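What follows is a single structure, written as structure tokens, with notes after it.
In what follows, chains are A, B, ... by sequence order, proteins preceding strands, each numbered from 1. These numbers come from a predicted model, not from an experiment.
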Amino acid sequence: MANNNLQKAIDLANKASEEDKAKNYKEALRLYEQSVQYFLHVVKYEAQGEKAKQSIRAKCADYLDRAEQLKEYLKKAEKQPPTKPV
Amino acid sequence: AKASGISDEEIERQLKALGVD
């Protein structure tokens, strides 16, 4: 079972949370997305036990929630007009 | 509770929602 995709997904997720902690939200968002894509591939195409699939899906949900938050934050940050002197 | 019952399709949908900038 080529679980290098699983390993890749885990590496990406770890990297994403490092970037997240380092406040590189743009990079963290991209990495969260990539890691979920890999996890999803593993769940769909690399037969895992139902239990393993369920726990991977739950992880995906967490990462997606976090990614959503980062996306919202970035959107707001970008829209933030430069504080014009009143 | 959501996380425990999520399906592949739901994950895919959220991914697309994220990706589409």
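In the hydrophobic clustering of ILVMFWY residues, with side-chain heavy atoms under 4.5 Å counting as a link, Ile11(B) and Leu70(A) come out together. Hydrophobic clustering (side-chain heavy atoms under 4.5 Å, transitive across Ile, Leu, Val, Met, Phe, Trp, Tyr) keeps Tyr38(A) apart from Tyr32(A). Leu31(A) and Leu74(A) fall into different hydrophobic clusters, defined by Ile, Leu, Val, Met, Phe, Trp and Tyr side-chain heavy atoms under 4.5 Å apart, directly or through other members. When hydrophobic clusters are built by joining Ile, Leu, Val, Met, Phe, Trp and Tyr residues whose side-chain heavy atoms come closer than 4.5 Å, directly or via intermediates, Val42(A) is grouped together with Tyr63(A). One hydrophobic cluster holds both Phe39(A) and Leu15(B) under the rule that ILVMFWY side chains link at heavy-atom gaps under 4.5 Å.
Interatomic distance, CD of Glu10(B) versus SG of Cys60(A), reported as 11.5 Å (0.5 Å rounding). Within the model, atoms OG of Ser7(B) and NZ of Lys53(A) stand 12.5 Å from one another, a figure rounded to the nearest 0.5 Å. Here the straight-line distance linking atom CZ of Arg57(A) with atom CG of Asp8(B) works out to 4.0 Å at 0.5 Å rounding.
Across every non-hydrogen atom of Ile6(B) and Ala58(A), the tightest pair is CG2-N, 4.3 Å.
With respect to Lys44(A) and Glu9(B), no salt bridge is recorded, no charged nitrogen being found less than 4.0 Å from a carboxylate O.
Side-chain contact check for Gln14(B) versus Glu33(A): every heavy-atom pair is 4.5 Å or farther apart. By the 4.5 Å heavy-atom criterion applied to side chains, Leu18(B) and Val36(A) are not counted as neighbours.
No part of Ile56(A) comes within reach of chain B, as not one of its non-hydrogen atoms sits under 4.5 angstrom from that chain.
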